[in-house]
Amino acid sequence: MAVEPLTIAMPKGRIFEEALDLMRRSGFAIPDEFASDSRKLTVTLPEAGLQFFLAKPMDVAIYVEYGVADLGVVGKDVLLEEQRDVYELLDLRISPCKMAVAGLPSWKPAPNPRVATKYPVIAENYFKSRGEQVEVIKMNGSIELAPIVGLADRIVDIVSTGQTLRENGLVELEEIVSVTSRLIGNRASYRMKNTQIQKLSDRLAEVVQGSETIDPNRERSTVDS
Ligand code: PRP
């Protein structure tokens, strides 16, 4: 009996290359035409029983929650922000970075503080847990601009290499949480396609834990049984 392929939503952008590399090291021969900067948004590997598609990072968990994708690769930052009803199956330990509060080196507490961020839920929860009242302003990117031009006195954002903060004369003030990418699963898919999902997840876990490379030609090269 033909088995339906597993569909995996992959995030465009900074996580993509590392996620692709991890998939390849796990033995999945994903063609080069599937690239973060390409216009091609889907690729199917019939022998492996897999279909990948490319989504905006913030949307990956939505596709998985609604079951359009069985699985997804997504940063912990997105999971904390979006709070989608999905299973978190595996820490892939790729794209490590942190969520932090940052500001100008001269920052000091002042009345009516404003915080700019792409992550309003994380920011609200963080400041609430500290008992600090702030006005959170939701932005869509280039957050580092906000303290420079005086829109906000602090930001909550991802810090990876720290280069964007440095180049804009900002400093990290507090770390909120460390972030890596996770394998997530749709709840119904996890029951209906459990064997396939478990096999794929085990295979990724082997590579994640051992930094080992699996031969794509070895016997266990499909996840459809
Ligand atoms: C992210 C984040 C920071 C930057 C941090 O932005 O929002 O701006 O990367 O990385 P770094 O510490 O290595 O400099 P992204 O490039 O995703 O674009 P955005 O500004 O549109 O959010």
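Note that this is a predicted model, so its numbers are computed, not measured. Just follow the structure's listing: the first ligand is 1, and inside any ligand the first atom is 1.
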Item to check | Beyond-backbone contact of Val73 with Val60, side-chain heavy atoms, under 4.5 angstrom | outcome: no
Checklist outcome for this item: If we number the atoms of ligand 1 from 1 as shown, the ones under 4.0 Å from a heavy atom of Thr161 are 11 (P), 12 (O), 13 (O), 14 (O)
Checklist entry - Between the main-chain N or O of Val121 and the side-chain N or O of Glu81, is there a donor-acceptor pair closer than 3.5 Å? => result yes
Checklist entry - Against heavy atoms of Val159, which atoms of ligand 1 measure under 4.0 Å? => result 12 (O)
Item to check | Identity and distance of the protein heavy atom lying nearest atom 3 (C) of ligand 1 | outcome: Glu144 OE2, 3.2 Å
Checklist entry - atom 16 (O) of ligand 1: which protein heavy atom is closest, and how many Å away? => result Arg14 NH2, 3.2 Å
Checklist entry - Which protein heavy atom lies closest to atom 18 (O) of ligand 1, and at what distance to 0.1 Å? => result Lys118 NZ, 4.4 Å
Checklist entry - What residue and atom, counting heavy atoms only, is the protein's closest point to atom 5 (C) of ligand 1, and at what distance? => result Ile158 O, 3.4 Å
Checklist entry - How far apart are the C-alpha atoms of Glu88 and Lys76, what are their side-chain angles, what is the distance that settles it, and do they pass the salt bridge (charged side-chain N to carboxylate O under 4.0 Å, His left out) test? => result CA-CA 9 Å; Glu88 190 177 319; Lys76 183 71 180 175; 2.9 Å; yes
Checklist outcome for this item: Logged contact type for Asp157 with ligand 1, heavy-atom cut-off 4.0 Å, is side chain
Checklist entry - Counting heavy atoms only, which of Cys97, Pro57, Ser142 comes nearest to atom 20 (O) of ligand 1? => result Ser142
Checklist entry - If you measure every N/O of Gly162 against every N/O of ligand 1, is any gap under 3.5 Å? => result yes
Checklist entry - How long is the gap from CZ on Phe28 to CD on Glu47, to the nearest 0.5 Å? => result 12.0 Å
Checklist entry - Are Tyr63 and Phe53 close enough that their ring centers fall under 6.0 Å? => result yes
Checklist entry - Do Leu71 and Leu89 touch side chain to side chain, with heavy atoms closer than 4.5 Å? => result yes
Checklist entry - Does Asp32 come within less than 4.0 Å of Arg24, counting only side-chain N to carboxylate O? => result yes
Next on the checklist: With heavy-atom distances below 4.0 Å as the criterion, list the atoms of ligand 1 near Thr164.
Outcome noted: 4 (C), 5 (C), 8 (O), 10 (O), 11 (P), 14 (O)
Checklist entry - Does Ile8 reach the side chain of Leu200, with side-chain heavy atoms less than 4.5 Å apart? => result yes
Item to check | atom 21 (O) of ligand 1: nearest protein contact (heavy atom, Å) | outcome: Gly141 CA, 3.6 Å
